[in-house]
Amino acid sequence: MKKIDIKFILNGEPVELTVAPNHTALRVIREQLDLTGAKEGCGAGECGACTIIVDGLAVNSCLMLAPELDGKNVLTVEGLAHDGKLTDVQQAFIDHVALQCGYCTPGFIMSTTAFLEENKKPTREEIEIALSGNLCRCTGYKRIIEAVEDVVAKRGGK
Amino acid sequence: MTIDGKYTAIGKYLPRVDGVAKVTGAAKYAGDINMPRMLYADVVRSPYPHAKILKIDTSEAEKLPGVKNVITGDYYAKKGGLYLADKNFLAHKTAKYRGEAVVAVCAETPEIAHAACKLVKVDYEELPAVLGPLEAMKPDAPLVHPDLGSYRVVPIFHPVPGTNISHKHFLKKGDTEEAFKKCDKIVEHEYYVPHVQHCPIEPHTATVKFDASGNLTVWASCQSPYAVRNALSDSFDIPLNKIQIISEFVGGGFGAKAGTTIEGIIIPLAKMNVGRPVKFTYTREEEFRDAYVRQGMLARIKTGVRKDGKILAVENNFYWDGGAYNEYGVNIAKAAGFAGTGPYNIDNVTTNSYCLYTNHPVGGPYRGFGMCEIHFCIEQNLDVVANELGISPVEIRRINGLRPGDKTGMGEVMQVSGYQPCLETILKELKYDPTPRKVGDHKIRCMGIAAGWKSPSQPTDAGSSAIVRMNEDGTFFVHTSAEEIGQGSNTALTQIAAEVLNVNPDRITLKSGDTNMNPYEWQTVASRTTYCAGNAVKLAAEDLRNKIFNLAQMKLGYPARDMYLERDDENNCTWVVASKYHKDIRADIKTFSLGMPLEDGSGIGGPAIGVGTFTLPNNMAYNAADSQSEKGVAFWTIGVTGVEIEVDTETGHVKVLQMLSCFDPGKVINTELYAAQVEGGMIQSLGTALYEAMILKDGKLMNGSFLDYKIPTAYELPDRLESFVCEFAEETGPFGARGIGEPAMVPGAPAIANAIANAIGTRFDRMPITPDMVLEAINNKKS
């Protein structure tokens with residue numbers, strides 16, 4: 001299979017890569033770029049552990065082919081904190097103990113980050129629906145929802 | 001602890017020490033390992049539940065460019081297993097469940113390995129299969145393991161050669177036969193719990209590499225690195241000093257990653273490719289079927305009561321659908337065998353718990369270790385008994401629930417028991433009322449309660465160890481092999497060390513997950529870590545503290561006897577203080593980090609290291625004839641869950657509105673992490689009560705994906721999910737702590753089942769209780 005050259009912005013920096021056309025965005029980001037924050041939990045778009053933000057939208061990177069990254073603006077969990085300062089979403093997940101094993105956490109944080117750009121004053125039910133594509137087996141979700149509500153409140157949404 | 005006896009680090013909330021690593025993506029899990037020249041493994045799986053392997057032709061697969069090796073079960077001929085050596089890492093001569101790995105391949109890419117698997121030709125002769133626990137018990141049942149009598153077994157287990165019984169656990173207390181004669185009422189019921197899956201979001205993964213001097217490194221998603229090391233050493237005859245297991249963070253365990261499965265498959269492949277790492281990761285479908293599953297179980301419970309509600313006798317029969325290999329499952333049958341009464345004071349008890357071989361996926365430990373399953377039956381049965389006697393479910397629990405001084409089914413006296421205070425807490429917090437209330441024209445709300453208990457099911461002499469080192473600047477490393485699987489052990493153990501040393505927890509870094517670097521830990525299972533590893537860390541910190549005091553005698557000129565440590569966050573240090581009468585005579589703890597310098601330029605003492613080793617005190621083996629023991633388990637954690645549910649009588653849909661739990665975990669080390677454990681356990685139990693079951697048809701898993709096997713999502717979060725606590729100290733626990741991780745899941749499912757029965761007047765003897773079952777029950781009542 002002929003490899004394809006792609007260029008995109010990754011966490012604010014330009015990237016040029018040669019990728020196999022049948023590789024997923026998740027695989028390329030994890031294996032070629034060694035950014036392993038996004039996880040593979042199912043490989044079928046069912047668990048959300050691989051969520052990244054592409055041109056502002058939260059996507060399951062296990063369902064996106066690597067060549068589709070070409071020309072896009074891509075954000076992974078590694079691109080959120082700057083100079084050791086966490087984003088409000090990251091900090092809220094820590095403050096509310098909204099994580100346990102942590103495997104689903106990058107996916108939840110990326111979904112939350114994208115969702116709160118779309119909806120700045122979500123209701124609890126809207127948050128629950130927005131995050132129901134991300135599975136967590138440890139926390140029971142309560143603290144995740146509370147973390148998101150806290151971010152909304154502190155941003156002045158409530 | 002301060003000189004006034006106040007805790008400085010435990011019994012409080014300390015943010016998770018792994019929080020930043022986990023929200024930034026920096027935390028490394030086994031699957032995050034990327035190395036140059038990696039090879040990838042895949043396997044060929046049996047399409048039959050039970051079949052003889054006649055011939056394997058690997059020639060076409062081997063010709064595929066990029067394929068390195070194709071191997072069969074002949075490379076894994078030695079059987080292994082934790083308690084009963086009944087398993088090969090790859091099927092040898094026969095395949096015993098539909099999906100069992102038969103051939104392993106490694107290749108330059110995952111795609112090539114996968115393609116090669118499709119080129120392998122295997123000739124099978126199908127054998128009659130055993131597809132349920134009662135079927136397995138039949139005298140003429142086909143044998144899943146005809147050679148059972150020749151297997152190595154830990155002597156506390158009792159396989160019955162010539163049958164499918166891998167372990168029969170028998171418990172007898174008092175005389176049930178006589179007691180039943182004195183009962184006013186005898187109630188007999190049967191319940192069924194299906195196979196379910198742990199569903200950690202991280203699938204099993206392992207990467208293994210041999211170097212030229214024969215050292216084996218294993219990066220594994222495993223809960224118990226030392227147990228993995230031991231199993232691999234035993235199976236492949238590699239000395240322990242040549243095996244290193246690395247597992248820094250685990251993406252959820254729940255028991256699924258307690259044993260050794262995936263690692264063993266790829267070791268022979270790595271041995272053929274010295275210097276090249278071989279990686280194997282389960283697909284989600286494999287994770288559903290080929291990782292451990294929670295065993296199915298059928299229970300028959302016979303309860304005899306006096307008309308005042310006192311239970312006089314119980315006879316339990318548990319039949320566990322253990323699957324193709326029971327090397328770990330036998331211990332679940334045992335745990336159920338000695339805990340079969342539930343947390344109740346019953347003088348006459350007979351329990352038979354059978355672990356049975358079937359041609360189903362392999363059963364293994366799952367959060368609760370048998371307790372979730374048996375309590376679904378015990379706690380519903382208790383409500384049935386209460387209803388038949390005309391007393392309330394609360395009253396029967398007040399009468400029979402264990403109090404301090406009561407005896408367990410094993411005959412052990414309960415030194416502490418939080419049962420009654422936990423029950424009263426839940427009744428009060430929930431404003432418990434079991435009367436169904438109509439809401440609108442097609443919804444009914446109702447409440448239900450259930451209790452549960454669990455002890456660690458571990459060898460009575462299971463060991464833990466820890467090392468605490470002080471650095472030159474007065475910061476510390478704590479080394480343990482307690483595995484951080486999400487439960488928060490790194491944080492809780494940091495707090496325990498901080499408490500003993502009176503240092504700010506920020507100054508401590510905890511290291512675990514590497515058998516070459518950190519000392520022995522039996523396993524991270526059984527809700528034993530805070531207790532066992534916690535004791536080891538406490539002892540290590542105390543050892544270090546005592547060594548420091550010993551040196552400080554010379555420095556401060558006062559006896560070690562009166563010294564204490566004082567945390568000083570303002571100056572970012574900890575003081576070694578001469579005594580409470582000489583508070584001004586003190587030295588910074590870091591003074592002693594490399595021993596103590598003397599005035600003549602020499603030194604004494606050497607670098608500051610503390611060592612702690614812990615074995616359960618007085619945890620004695622039970623009597624094999626009747627399972628009685630004065631102190632058969634380390635401790636019992638007891639708790640109660642109460643729920644309010646809403647049934648939609650038009651759709652059969654059940655929504656949990658409130659779910660509250662109160663446990664007695666002894667002294668809580670970290671308040672928020674305790675609550676987080678309990679909340680997570682409750683939602684996991686909610687999943688099993690309402691949604692989850694592995695659908696097995698002729699041994700074939702029909703729903704091996706998150707689309708077909710639903711686990712709870714954020715959308716199912718109850719309006720109120722809350723934990724409470726009653727703290728009765730465990731005498732031998734670190735600062736009085738015992739375990740909580742697993743007990744948190746135990747009473748949830750029966751509480752929901754009891755609430756549904758209270759709401760619609762129909763009791764379900766199996767879970768999950770799905771909308772179609774509820775709707776059918778409602779419609780049957782109408783007609």
Side-chain angles (χ1 to χ4, degrees), chain A residues 20 22 30-32 34-44 46-49 76-81 84 86-87 89-91 93-109 124-125 127-145, chain B residues 13 15-16 18-29 31-34 111 198-203 249-254 281 283-284 287 484-488 659 672-673 675-684 686-687 705-707 711-719 721-722:
Chain A
N22 62 333
R30 285 177 55 83
E31 295 180 9
Q32 284 180 249
D34 205 28
L35 293 177
T36 56
K39 309 293 184 198
E40 181 159 319
C42 67
E46 295 164 5
C47 76
T76 71
V77 72
E78 290 89 347
L80 293 180
L86 303 177
T87 65
V89 175
Q90 289 174 309
Q91 190 60 50
F93 270 65
I94 295 176
D95 292 345
H96 288 266
V97 199
L99 61 92
Q100 289 185 26
C101 83
Y103 197 79
C104 70
T105 307
F108 268 98
I109 285 175
R124 172 167 274 224
E125 190 174 14
I127 297 169
E128 287 175 359
I129 292 170
L131 296 181
S132 56
N134 289 80
L135 297 179
C136 169
R137 193 57 152 172
C138 298
T139 64
Y141 303 104
K142 175 187 163 186
R143 287 161 189 275
I144 294 175
I145 304 297
Chain B
Y13 167 52
R16 292 187 67 106
D18 53 3
V20 174
K22 286 178 173 176
V23 300
T24 54
K28 286 286 176 198
Y29 299 79
D32 295 337
I33 295 291
N34 273 325
E111 289 77 13
H198 312 63
C199 298
I201 307 302
E202 173 198 44
F249 289 112
V250 178
F254 315 111
T281 303
T283 63
R284 181 50 61 180
E287 187 67 28
E484 178 55 78
I485 60 174
Q487 84 283 44
M659 195 163 192
E672 293 299 313
L673 264 64
Q677 278 292 293
V678 174
E679 291 159 16
M682 283 195 274
I683 294 301
Q684 215 167 355
L686 183 156
S705 77
F706 283 132
L707 282 187
I711 67 171
T713 71
Y715 194 60
E716 279 85 35
L717 176 65
D719 299 337
L721 180 74
E722 203 172 340

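Below, chain A is the first sequence line, B the second, and so on; all start at residue 1.
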Mind ranking [options] by heavy-atom pairs under 4.5 Å with chain A and telling me who comes out on top?
options: B:Leu673, B:Val20, B:Thr283; answer: B:Val20
options: B:Ile711, B:Ile683, B:Ile485; answer: B:Ile711
options: B:Gly252, B:Gly25, B:Ala676, B:Gly19; answer: B:Ala676

Hey, does [Y] have a side-chain heavy atom less than 4.5 Å from the side chain of [X]?
X: B:Thr24; Y: A:Val77; answer: no
X: B:Tyr13; Y: A:Val97; answer: yes
X: A:Arg30; Y: B:Asp32; answer: yes
X: B:Lys22; Y: A:Tyr103; answer: no
X: B:Thr713; Y: A:Glu128; answer: no
X: B:Cys199; Y: A:Arg137; answer: yes

**Request:** Could you check A:Thr87, A:Leu80, A:Ile109, A:Val89 and say which one makes a side chain to side chain contact (heavy atoms under 4.5 Å, CB included) with B:Val23?
**Result:**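 Exactly one pass, corresponding to A:Ile109.
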**Message:** Could you tell me if A:Tyr141 and B:Glu679 have a donor-acceptor pair between their side chains, going purely by distance under 3.5 Å?
**Reply:** no
Which atoms of [X] approach chain B - backbone, side chain, both or neither, heavy atom under 4.5 Å:
X: A:Asp95; answer: backbone
X: A:Ile94; answer: both
X: A:Gln91; answer: neither
X: A:Leu135; answer: both

**Request:** Among the options A:Gly37, A:Cys138, A:Ala44, A:Ala130, pick out the one with the most heavy-atom pairs lying under 4.5 Å from chain B.
**Result:** A:Cys138
**Message:** Do the side chains of A:Lys142 and B:Glu722 get close enough for a salt bridge, i.e. N-O under 4.0 angstrom?
**Reply:**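 Salt bridge flag = no for B:Glu722 with A:Lys142.
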**Asked** Which heavy atom in A:Cys101 sits nearest to a heavy atom in B:Gly251, and how many Å separate them?
**Response** SG-C, 3.3 Å
